[in-house]
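In what follows, chains carry the letters A, B, and so on, assigned in the order in which the sequence lines appear, proteins first and then strands, with residues in each chain numbered from 1. On a predicted model such as this, the values are computed, not experimentally measured, just so you know.
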2 protein chains.
Amino acid sequence: MSTGDAAVALSTPVTVEEHETCPATGVLRRVGEKWGVLVLSLLDARPYGFNELDRAIQGLSRRVLTRTLRTLERDGLISRTVHPGRPPRVEYALTDLGRSFREPLLMLGRWAVDHETEIRAARARFDGGV
Amino acid sequence: MSTGDAAVALSTPVTVEEHETCPATGVLRRVGEKWGVLVLSLLDARPYGFNELDRAIQGLSRRVLTRTLRTLERDGLISRTVHPGRPPRVEYALTDLGRSFREPLLMLGRWAVDHETEIRAARARFDGGV
DNA sequence: CCGCATCCGAATGGATACTG
DNA sequence: CAGTATCCATTCGGATGCGG
């Protein structure tokens with residue numbers, strides 16, 4: 001269950017330091033960001049322009065979309081290509097690294113769908129008090 | 001790449017509503033929480049008491065540990081069993097659902113470790129400006 | 001031993017207006 | 001078209017003290 005975490009060494013206490021330098025922790029937190037995976041899933045189909053993404057995801061502000069794209073770009077999961085012209089066009093696309101991320105993400109999604117009922121039931125039980 | 005998201009239907013715009021009711025979104029965000037997966041990985045080895053977990057994870061405050069445990073319990077990933085006595089003992093352990101979550105999480109961890117170098121390189125490139 | 005209550009600072013998410 | 005600049009709301013993470 002350690003996901004390659006420093007916590008593999010379960011015998012010894014885990015420090016904040018170890019937890020934060022662990023490569024898996026960063027990935028897990030990236031996955032937890034609200035719109036990142038959704039953007040990746042759109043780009044998995046084909047490249048998109050900025051406003052195109054903005055329109056595709058109803059309710060996401062440009063401010064947040066920009067930050068999301070920058071983060072994904074910084075991690076090397078997507079590429080940003082500027083095509084000069086009138087009007088200018090910037091194209092976002094998955095990189096090889098981004099594509100390689102697809103599989104583990106799909107596994108997680110599959111698990112979520114497969115166990116959706118159980119999770120809902122657990123929550124209802126918990127919230128119901130009992 | 002959709003991870004079972006409502007975004008599977010890529011042809012149509014994704015609304016905030018669809019995104020938030022998607023079962024995968026909740027799982028992804030749970031994974032992104034700072035300490036949840038670490039706690040799961042500890043409990044994967046054996047059951048723990050509350051203070052035992054507190055000691056095992058150096059630097060995590062009780063306040064946050066409590067919230068983390070409640071969240072995991074609410075989703076049915078861990079169980080909380082009270083053993084009366086002096087002193088009282090509460091035991092946290094993985095449920096079957098929690099154990100089933102292990103595999104997809106390991107995949108993600110494996111990916112993180114396998115691509116750690118690429119990610120670091122991409123970040124250095126991005127931060128360096130170029 | 002196991003927590004909850006309180007209070008706080010930081011990070012995240014969001015609405016809007018304006019610019020090259 | 002593709003953003004940036006501002007400002008605000010919410011959530012998350014954390015420190016600490018008290019109580020069953």
Side-chain angles (χ1 to χ4, degrees), chain A residues 14-20 25-26 28-39 42-43 47-75 78-93 126 129, chain B residues 14-20 22 25-26 28-39 42-43 47-75 78-93 126:
Chain A
V14 179
T15 65
V16 177
E17 174 65 15
E18 285 168 343
H19 185 245
E20 288 183 346
T25 300
L28 292 174
R29 297 196 66 105
R30 180 94 330 118
V31 164
E33 283 163 11
K34 191 162 181 179
W35 304 101
V37 171
L38 182 53
V39 168
L42 287 168
L43 296 184
Y48 274 75
F50 183 88
N51 279 347
E52 205 181 357
L53 278 172
D54 193 35
R55 279 190 304 273
I57 307 175
Q58 298 281 339
L60 174 58
S61 74
R62 292 215 287 276
R63 157 90 161 68
V64 175
L65 178 57
T66 300
R67 242 191 5 85
T68 301
L69 290 170
R70 289 291 171 279
T71 306
L72 295 173
E73 187 195 354
R74 177 169 185 267
D75 282 355
I78 67 175
S79 64
R80 175 178 179 275
T81 313
V82 182
H83 296 92
R86 298 286 336 201
R89 168 164 174 94
V90 175
E91 186 174 275
Y92 291 95
F126 187 92
Chain B
V14 179
T15 66
V16 176
E17 175 65 14
E18 284 168 345
H19 185 246
E20 288 182 347
C22 172
T25 300
L28 292 174
R29 297 196 68 103
R30 180 96 329 119
V31 163
E33 282 162 13
K34 190 161 182 180
W35 304 101
V37 172
L38 182 54
V39 168
L42 287 168
L43 296 184
Y48 274 75
F50 183 88
N51 279 348
E52 204 180 0
L53 279 173
D54 194 34
R55 279 190 304 272
I57 307 175
Q58 297 283 339
L60 174 59
S61 74
R62 291 209 297 276
R63 158 88 163 70
V64 175
L65 178 56
T66 301
R67 240 186 11 82
T68 301
L69 290 169
R70 287 293 169 278
T71 306
L72 295 172
E73 186 194 355
R74 179 170 184 266
D75 282 354
I78 66 175
S79 63
R80 176 178 179 278
T81 314
V82 182
H83 296 93
R86 298 287 337 198
R89 167 164 175 95
V90 177
E91 185 174 276
Y92 291 96
F126 187 92

**Item:** Whole-Å distance separating the CH2 atom of A:Trp35 from the C1' atom of C:dA15
**Value:** 14 Å
**Nearest heavy-atom neighbours spanning B:Arg62 and B:Asn51** = CD-OD1, 4.3 Å
**Message:** Set out, in order, the CA-CA distance, both residues' side-chain angles and the distance that settles side chain to side chain contact (heavy atoms under 4.5 Å, CB included) for B:Val90 and B:Arg80, then state yes or no.
**Reply:** CA-CA 7 Å; B:Val90 177; B:Arg80 176 178 179 278; 3.7 Å; yes
**Message:** Consider side-chain contact (heavy atoms from CB on, under 4.5 Å). Of A:Thr68, A:Ile57, A:Leu43, which one does A:Leu38 pass it with?
**Reply:** A:Ile57
**Prompt:** Whole Å only: how far is the CG atom of B:Leu65 from the C1' atom of C:dC1?
**Reply:** 13 Å
**Message:** Angle between the two end axes of the helix from C:dC1-D:dG20 to C:dG20-D:dC1, five base pairs per end, rounded to 10 degrees?
**Reply:** 50°
**Prompt:** At under 4.0 Å between heavy atoms, what does B:Thr66 touch on the DNA or RNA strands: base, sugar-phosphate, or nothing?
**Reply:** sugar-phosphate
**Message:** Less than 4.0 angstrom from a charged side-chain N to a carboxylate O is my criterion; do B:Lys34 and A:Glu20 meet it?
**Reply:** yes
**Item:** Under 4.0 angstrom between A:Lys34 side-chain N/O and C:dG14 OP1 or OP2
**Value:** yes
**Among C:dC1, C:dG20, C:dG14, the one nearest B:Asn51 by side-chain distance** = C:dC1
**Prompt:** A:Leu60 has a side chain; which of C:dC7, C:dG3, C:dG14 sits nearest to it?
**Reply:** C:dG14
**Prompt:** Any idea which heavy atoms bring B:Val14 and B:Glu18 closest together, and the distance?
**Reply:** CA-OE1, 3.5 Å
**Fill in**
Whole-Å distance, A:Ile57 CD1 to C:dA15 C1', equals 17 Å
**Prompt:** For A:Arg63, which contact category applies under a 4.0 Å heavy-atom criterion: base, sugar-phosphate, or nothing?
**Reply:** base
**Request:** Could you tell me whether a side-chain N or O of A:Thr25 sits under 3.5 Å from a main-chain N or O of A:His19, the two making a donor and an acceptor?
**Result:** yes
**Request:** Name the first nucleotide and the last nucleotide along DNA chain D (5' to 3') that come under 4.0 Å of a heavy atom in chain A.
**Result:** D:dC1 to D:dG13
**Prompt:** Under 4.0 Å between a side-chain N/O of A:Arg67 and OP1 or OP2 of C:dG13, yes or no?
**Reply:** yes
**Interatomic distance, B:Arg29 CZ vs C:dA11 C1' [rounded to whole Å]** = 12 Å
**Prompt:** Could you state the CG-P distance from B:Leu53 to C:dG3, rounded to the nearest angstrom?
**Reply:** 10 Å
**Asked** Rounding to a whole Å, what distance do you find between A:Gln58:CD and C:dG13:C1'?
**Response** 18 Å
**Item:** Proximity to the side chain of A:Arg62 - top-ranked nucleotide from C:dG3, C:dC7, C:dA17
**Value:** C:dA17
**Asked** Under 4.0 Å between a Lys/Arg side-chain N and an Asp/Glu carboxylate O for B:Arg89 and B:Glu52?
**Response** yes
**Message:** Rounding to an integer number of Å, can you tell me how far B:Glu52 CD sits from C:dG3 P?
**Reply:** 13 Å
**Asked** Within the structure shown, what part of the strands sits under 4.0 Å from A:Val64 by heavy-atom distance: base, sugar-phosphate, or nothing?
**Response** base
**Least distance between heavy atoms, A:Phe50 atom then A:Leu65 atom** = O-CD2, 3.8 Å
**Request:** For the pair B:Trp35 and B:Leu53, evaluate side chain to side chain contact (heavy atoms under 4.5 Å, CB included) and give the outcome as yes or no after the intermediate values.
**Result:** CA-CA 11 Å; B:Trp35 304 101; B:Leu53 279 173; over 6 Å; no
**Prompt:** Between B:Glu33 and B:Arg29, does a side chain to side chain contact (heavy atoms under 4.5 Å, CB included) hold up when you go through it step by step?
**Reply:** CA-CA 7 Å; B:Glu33 282 162 13; B:Arg29 297 196 68 103; 5.8 Å; no
**Prompt:** Does a nitrogen or oxygen in the side chain of B:Arg70 sit under 4.0 Å from OP1 or OP2 of C:dC4?
**Reply:** yes
